[in-house]
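Please read the structure below before turning to the comments.
Predicted, not measured: the structure shown is a model, and the values here were computed from it. All chains are named by letter (A, B, ...) in the order of the sequence lines, taking the proteins before the strands, and each is independently numbered beginning at 1.
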2 protein chains.
Amino acid sequence: MADKSKNILIIGAGTIGASWAALFLAFGHSVHIYDIRKDVQDFVHDELQLMLKTLLPELSDSRRNVLVGRVMYELRLEEAAANPTLSLIQDNGPENIEYKQTLWANIEKVAPKEATFISSTSTITATIQSKFMQDPTRLIVAHPFNPPHLLPLVEIVPGEHRDESRVEALMDFFKGCDREPVYVRKETEGFIGNRLAFLLLRESLHLVEQGVVSAEDIDKVVTSSLGIRWSIDGPFRSYHMGGGRGGLKHFLTHLGPAIGSVWKSAGTPDLSPELIETAANQTHEAYGSVKDEMFEQRDRLTREVLKMRDETRREHEELTHDTKPFIFCTSIKVREGGTSPESAYP
Amino acid sequence: MADKSKNILIIGAGTIGASWAALFLAFGHSVHIYDIRKDVQDFVHDELQLMLKTLLPELSDSRRNVLVGRVMYELRLEEAAANPTLSLIQDNGPENIEYKQTLWANIEKVAPKEATFISSTSTITATIQSKFMQDPTRLIVAHPFNPPHLLPLVEIVPGEHRDESRVEALMDFFKGCDREPVYVRKETEGFIGNRLAFLLLRESLHLVEQGVVSAEDIDKVVTSSLGIRWSIDGPFRSYHMGGGRGGLKHFLTHLGPAIGSVWKSAGTPDLSPELIETAANQTHEAYGSVKDEMFEQRDRLTREVLKMRDETRREHEELTHDTKPFIFCTSIKVREGGTSPESAYP
């Protein structure tokens, strides 16, 4: 399944929708886009040009134009969703419960039986979104990290009513797009990634509030230690190694008191206007206003860090065959839609 | 000051002490080592060979042997500390309050007046360690991230009695070793880095306890999203950009309710034997026992991610002169001890 070109309808083509489109195009899938905004074609065209340049820097201008030109823009949602060749219908619309519930109930009436519905939401669970569907197992949250065409994580969060084989097929689809899907087994506020990030933000704001360090210095700490470590190993593997021969068990037992004393002294600040003002001022002083070039730089750095990480992982994998293989996530091959999966360009 | 070769005494040469030694040697400083263990010379020799290979892969075997051969091993601590050419005395001894308090009170009696004392401790504050010193401002915590010769962060945490010019001179020294020192203005359990990491671990353990995801899946989430992002931008800069034109203020105001609901639903698990067992089992199942090659791989990946990040940062800096410069942290030049700072090899 992962190697077969699919027909995908993307609903809502802002930055996230365009980024999904770039990823799907790069892996040889056909992309239909529906969006109510008038300038959608111009916007998506420009975004795709930029994104595909970062994603596939080796692609020639003419090949990139061919890819971008393949996008089909739809004018009527119901008609587009009724296309019998569709495998996936993907929504990036507003984070509004009523919108989502109405959308899926209507889509379900016209979409082909086999099509799976996926949602980029970061806050509204599949259980809530699917409330008025006949078959709620057809809807699965597939929450990406921004930007989805670069960061490999996709959080797969089905609702209370789920069809395991549909979940598995969706995981396979994303693996085929060189993503790293993670199956989240219970619906949780913020799912996993945002949840962990918001809790790190909580303590960061607490430290800024207490005058321990500035916002800029928190960022320095994170980028010069934890971030680098966590781009390679997550917390469990890191602390497994931190425990030496005794592994995680030794680490948690040995450092339990120190860990517990940090937990006890952690703070939950009020997100008061004063605290927001303090943090925002310190951040603005450090970095100035948000400029376009900051995103371009971030995306280029992201791509390079990923590439380097994956290259060295692959090298290691070749050297040691007796260890558990890593998942490689940026070995992007562009496939021509409809041709054999082996054909790659340039 | 940052460019002048210093005479440094390292007390306690386990993995951390050897790693400091590798860093200091690479930047042309002279290193004296005192350690009670019998095999210290063999251990440090082997560690330095490995560390310098990762840190300076372009160095020839003979030049590396010259560097490693420069280390001076001391047999008597008081005599070593009385050396009038010492600028820094650095301790990596046991995390034991009595040991640290006795050590510094004794060292202070014999060490040259100008020498600054620094401690790698991750748990005992400078205020506590310096309790029996005549001049407690001489002792400053300089907490690294493991391994110090690779990860750029050094948390500079003076005690309640501090001498700002001494703190500043120490910051300059570490900048001269291509580290990224951060001045922590209040002594806080776990300082900053471990503190943030332990709070992310808290929620990670909570999610594992609740069966939302496995330890391995938490790691996947972190390495395929947050870690990559945080190796480039810390939480404040990331969310500043996440707020678009409105910056961090817009982000925190707009997403306040979602952030607050995650904070409210966060858990503080007991570090019970059962939870430790569950997390340790899942981690062991995912990665097996801790093996030497895991550290070698981690260090090589760390070095490569840092190199790539710094290269692309530098490239960006050359392109845009109107933005705030980044700090470069791995542009390592090896300097011959005692020669002009410009002379670098190979």
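For the set Ser261(A), Pro273(A), Gly247(A), Gly242(A), the count of heavy-atom pairs under 4.5 angstrom toward chain B peaks at Ser261(A). Ranked by non-hydrogen atom pairs under 4.5 Å with chain A, the options Gly256(B), Ser224(B), Gly190(B), Ser231(B) are led by Ser224(B). The residue among Ser289(B), Pro269(B), Pro144(B) with the most heavy atom pairs within less than 4.5 Å of chain A is Pro269(B). Chosen from Leu275(A), Asp217(A), Asn194(A), the residue pairing most often with chain B at heavy-atom distances under 4.5 Å is Asp217(A). The most heavy-atom pairs under 4.5 Å with chain A, out of Ser122(B), Ala280(B), Ala215(B), come from Ala215(B). With chain B as partner, the option from Val262(A), Leu248(A), Leu271(A) having the largest number of non-hydrogen pairs under 4.5 angstrom is Val262(A). Interface remark: of the candidates Met308(B), Arg202(B), Arg185(B), Arg202(B) forms the most heavy-atom pairs closer than 4.5 Å to chain A. Contact count against chain A (heavy-atom pairs under 4.5 Å) is highest for Ile259(B) among Ile259(B), Thr268(B), Leu255(B). Chain A forms more heavy-atom pairs under 4.5 Å with one residue of Val184(B), Thr253(B), Thr283(B) than with any other, namely Thr283(B).
With a threshold of 4.5 angstrom between heavy atoms, Leu207(A) approaches chain B through side-chain atoms but not through N, CA, C or O. For Glu155(A), the part sitting under 4.5 Å from any heavy atom of chain B is the side chain, from C-beta outward, and nothing else. The part of Asn146(B) that comes within reach of chain A is its backbone (N, CA, C, O), which places non-hydrogen atoms under 4.5 angstrom from that chain. Within the 4.5 angstrom heavy-atom criterion, only side-chain atoms of Val208(A), from C-beta onward, approach chain B. Contacts of Thr188(A) with chain B are made by side-chain atoms alone, with heavy-atom separations under 4.5 Å and no backbone atom involved. For Ser204(A), the parts lying under 4.5 angstrom from a heavy atom of chain B are both the backbone and the side chain. Contact annotation for Leu205(A): both backbone and side-chain heavy atoms come within less than 4.5 Å of a heavy atom of chain B.
Note that CZ of Arg298(A) and OG of Ser238(B) are 7.5 Å apart. Values are rounded to the nearest 0.5 Å. With rounding to the nearest 0.5 angstrom, the CZ atom of Arg237(A) is 13.0 Å from the NZ atom of Lys220(B). Rounded to the nearest 0.5 Å, atoms CD1 (Ile192(B)) and CD1 (Ile218(A)) are 5.5 Å apart. Between atom CG of residue Leu196(A) and atom CG of residue Leu200(B) there is a gap of 4.5 Å, rounded to the nearest 0.5 Å. Note: Glu277(B) CD to Leu252(A) CG = 11.0 Å, rounded to the nearest 0.5 Å. In this structure, NZ in Lys249(B) is found 7.5 Å from CG in Asn281(A), a value given to the nearest 0.5 Å.
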Derivation and outcome, salt bridge (charged side-chain N to carboxylate O under 4.0 Å, His left out), residues Arg309(A) and Glu304(B): CA-CA 7 Å; Arg309(A) 191 186 71 151; Glu304(B) 294 297 326; over 6 Å; no
Output, in order, the C-alpha distance, side-chain angles, deciding distance and verdict of side-chain contact (heavy atoms from CB on, under 4.5 Å) for Tyr239(B) and Leu201(A). CA-CA 10 Å; Tyr239(B) 288 138; Leu201(A) 177 66; 3.9 Å; yes
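Side-chain contact between Lys264(B) and Glu189(A) is absent, with no heavy atoms from C-beta onward closer than 4.5 Å. Looking only at side-chain heavy atoms (C-beta outward), Arg245(A) and Val290(B) stay at 4.5 Å or farther from each other. Looking at heavy atoms from C-beta onward, Ile228(B) lies in side-chain contact with Pro152(A) at the 4.5 angstrom threshold. Side-chain contact between Phe191(A) and Val221(B) is absent, with no heavy-atom pair separated by less than 4.5 Å. Within the 4.5 Å cutoff, the side chain of Leu199(B) has heavy atoms near those of the Trp263(A) side chain. In this structure, the side chains of Thr302(B) and Ile232(A) come closer than 4.5 Å at one or more pairs of heavy atoms.
When every heavy atom of Thr123(B) is checked against every heavy atom of Ala258(A), the shortest pair comes out as CG2-CB, 4.2 Å. The heavy-atom pair separating Thr223(B) from Gly234(A) by the smallest distance is CG2-N, 3.3 Å. A pairwise comparison of heavy atoms in Pro235(B) and Val222(A) identifies CD-CG2, 3.8 Å as the closest pair. Taking every heavy atom of both residues into account, Phe145(B) and Leu226(A) meet most closely at CE2-CD2, 3.6 Å.
Residues that satisfy the ring-ring contact (aromatic ring centres under 6.0 Å, His included) test with Phe236(B), not counting sequence neighbours, are absent from this structure. Qualifying side-chain hydrogen bond (donor to acceptor under 3.5 Å, both in side chains) partners for Thr121(B), counting only residues two or more places apart in sequence or in other chains: Glu95(B).
In this structure, His240(B) and His284(A) have perpendicular ring planes: the angle between them is above 60°, well past the 30° mark.
Under the 3.5 Å distance criterion, with hydrogens and angles disregarded, a donor-acceptor pair is assigned to the side chains of Arg195(B) and Ser265(A).
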